[in-house]
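What follows is a short report on a single structure.
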Amino acid sequence: MTDRTFSKRMRILGVASAVTALLAGCAVSPVAGPSGQYATPIGNAPVTANPTPYSAALYCLSDYARRYNLPSPRIAIGRISDYTGSVSSDGGRQITQGASLMAYSALAKAGARMVERYDTSISELELRYANNKLIGEDGASAGANPDSNTYRRILAGQVPGSDFYIVGGVTEVNYNIRSAGVDIGQGEVDSARPGSALLQGKIFVMNVAIDLRLVQTTSMEVVDVISYQKQIIGREISAGVFDFLDGNVFDISAGSGGMEPVQLAVRSLIERGTLEMMANLYGAPGPQVCLDAAHDPLGSVGPTGGYYPAYANTDTNNGQTRADPNRWHSGRDGDVRRSSRY
């Protein structure tokens, strides 16, 4: 080995060691810093709304119902389970187990009146406490005088019932409905100059499906049934070069890949099914209701769901800014930065 080659390799080794030490120092420190943390988490993306292509139609439907004073029946959500049984390679479920929660959000966007039936544990517990006179009204305590009237009363008929409820499940997940790919490789014939290059491209399609039903609570009659499927596409592109150059080995590769989110596809299915059911309950003829010139921009429904205003101030409260990704973010909202105390 010549002195020149040895010096060149030592320089490369030194640069690699310096870069490794620099990256290690930036990633983690064995001593907690002034903030009390060993490392600062990367990433600063703000919280954003999570709409689907059907979200705009849902809160447009809510505007339509409010504009014409169309009453919404009380609707409850039952179990919308994953019936596919698909499991990922790491042992977790492949399909979201939160489809019922997505249905709540979809109904809120449509302006539906909802009653809780999915998780009633807190209400049932407080009902038992109130039945035993353990809960005081307005923070008052009845412990000193058990005969006082400060405890919460249970009134007959105080819990409103549901008119309809939605149940169903994710019933299909089909992998690799169609796939295609191409591999292009190149290599040197001369053994004195070994080297190769490779280009790969892949694309595949899968789908998920749901089946929902709307049931009348009092009669248990199934009054509406929805079955939808959605296809999902994924792609992957990669390229690489492998070569020996002056006794040094170079292996360089790069790639790009992406897959349409499976769980977002489930949310889209839930929102489309809920949209069709609520359009039927409101008697809406179709998407043309969104073209009405009397569309009211103010209200308590938007891309993030719906809410009951605490006060009669829907024109000035935070309802119209919930989907703004910059709101309340300490690094993006100047009002928050000015009021910070840390």
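Scanning both residues, S162 and T217, for their nearest heavy atoms gives OG-OG1, 2.9 Å. Minimum interatomic distance between Y118 and Y104 (heavy atoms only, all atoms of both residues): CB-OH, 3.3 Å. Smallest separation of non-hydrogen atoms from P160 and R74: CB-NE, 3.5 Å. What you find for S55 and P51 is that their closest heavy atoms are OG-CA, 3.4 Å. The two residues A76 and R117 come nearest to each other via the heavy atoms CB-CG, 3.5 Å. Of all the heavy atoms in L212 and G169, the pair that sits closest is CD2-N, 4.4 Å.
You'll find the side chain of L281 reaches within 4.5 Å of the side chain of P73, heavy atoms only. A 4.5 Å side-chain heavy-atom check between Q216 and M220 finds every atom pair outside the cut-off. Two residues are said to be in side-chain contact when any heavy atoms from C-beta on lie closer than 4.5 Å; N50 and R267 meet this criterion. A 4.5 Å side-chain heavy-atom check between V262 and I95 finds at least one atom pair inside the cut-off. Side-chain contact between V167 and I80 is absent, with no heavy atoms from C-beta onward closer than 4.5 Å. You'll find the side chain of M277 reaches within 4.5 Å of the side chain of I226, heavy atoms only. A 4.5 Å side-chain heavy-atom check between Q229 and V208 finds every atom pair outside the cut-off. In this structure, V222 and L214 have side chains that are not in contact, with every pair of non-hydrogen atoms separated by 4.5 Å or more.
Residue K230 qualifies as enclosed at atom NZ: its count of foreign heavy atoms under 6.0 Å is above 12. Within a 6.0 Å sphere centred on CG of N176, heavy atoms belonging to other residues, nucleotides or ligands number more than 12. Annotation: R79, atom CZ; neighbour count of heavy atoms from other residues, nucleotides and ligands within 6.0 Å does not exceed 12.
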Evaluate M206 against V173 for side chain to side chain contact (heavy atoms under 4.5 Å, CB included), listing each step before the verdict.
CA-CA 7 Å; M206 62 177 289; V173 54; 3.7 Å; yes
Checking L61 against Y282 for the side chain to side chain contact (heavy atoms under 4.5 Å, CB included) test, could you report, in this order, the C-alpha distance in whole Å, the side-chain angles of both residues, the deciding distance, and whether it holds?
CA-CA 8 Å; L61 191 63; Y282 284 143; 3.6 Å; yes
If you apply the rule side chain to side chain contact (heavy atoms under 4.5 Å, CB included), what do you find for R113 with I75, and how did you get there?
CA-CA 6 Å; R113 299 174 65 191; I75 302 178; over 6 Å; no
Worked verdict on R213 versus E221 for salt bridge (charged side-chain N to carboxylate O under 4.0 Å, His left out):
CA-CA 10 Å; R213 59 191 186 275; E221 180 182 3; over 6 Å; no
Please assess T171 against T84 for the test side chain to side chain contact (heavy atoms under 4.5 Å, CB included), listing each intermediate value before the final yes or no.
CA-CA 5 Å; T171 51; T84 65; 5.8 Å; no
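We find the OG-CG distance between S72 and D163 to be 8.5 Å, quoted to the nearest 0.5 Å. In this structure, E236 CD and F204 CZ are separated by 8.5 Å, a value rounded to the nearest 0.5 Å. The CG atom of L275 sits 12.5 Å away from the OH atom of Y59 when rounded to the nearest 0.5 Å. Here the NZ atom belonging to K133 is positioned 14.0 Å from the CD1 atom belonging to I135, to the nearest 0.5 angstrom.
Hydrophobic cluster membership is shared by Y175 and V170, with clusters built from Ile, Leu, Val, Met, Phe, Trp and Tyr side chains linked at under 4.5 angstrom. M278 and Y165 sit in two unconnected hydrophobic clusters of ILVMFWY residues. Membership requires side-chain heavy atoms under 4.5 Å apart, directly or through other members. I166 and V115 end up in different hydrophobic clusters when Ile, Leu, Val, Met, Phe, Trp and Tyr side chains are linked at under 4.5 Å. When hydrophobic clusters are built by joining Ile, Leu, Val, Met, Phe, Trp and Tyr residues whose side-chain heavy atoms come closer than 4.5 Å, directly or via intermediates, Y83 is not grouped with L101. Both Y228 and L107 belong to a single network of hydrophobic side chains, linked directly or stepwise wherever heavy atoms of I, L, V, M, F, W or Y lie under 4.5 Å apart.
Here the options are V215, V223, T218, the test is side chain to side chain contact (heavy atoms under 4.5 Å, CB included), and the partner is F164; only V223 passes.
For Q263 (side chain) and T96 (main-chain N/O), a donor-acceptor pair under 3.5 Å exists by modelled atom type. Judged by distance alone, the side chain of Y64 and the main-chain N or O of A279 form no donor-acceptor pair under 3.5 Å. Under the 3.5 Å distance criterion, the side-chain polar atoms of T274 are left unmatched by any main-chain donor or acceptor of A103.
Under the 4.5 angstrom side-chain criterion for Ile, Leu, Val, Met, Phe, Trp and Tyr, the cluster partners of I203 are V205, I233.
Taking the ring centre of Y68 as origin, the terminal cationic atom of R66 falls outside the region bounded by 6.0 Å and 45° from the ring axis.
Checked by atom type, the side-chain pair S268/E271 shows no donor-acceptor distance below 3.5 Å.
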Got a list of side-chain donor-acceptor pairs under 3.5 Å for residues 122-132, not counting sequence neighbours?
{"unit_1": "E124", "atom_1": "OE2", "unit_2": "T120", "atom_2": "OG1", "d": "2.8"}
{"unit_1": "E126", "atom_1": "OE1", "unit_2": "R152", "atom_2": "NH1", "d": "3.0"}
{"unit_1": "N132", "atom_1": "ND2", "unit_2": "R128", "atom_2": "O", "d": "3.2"}

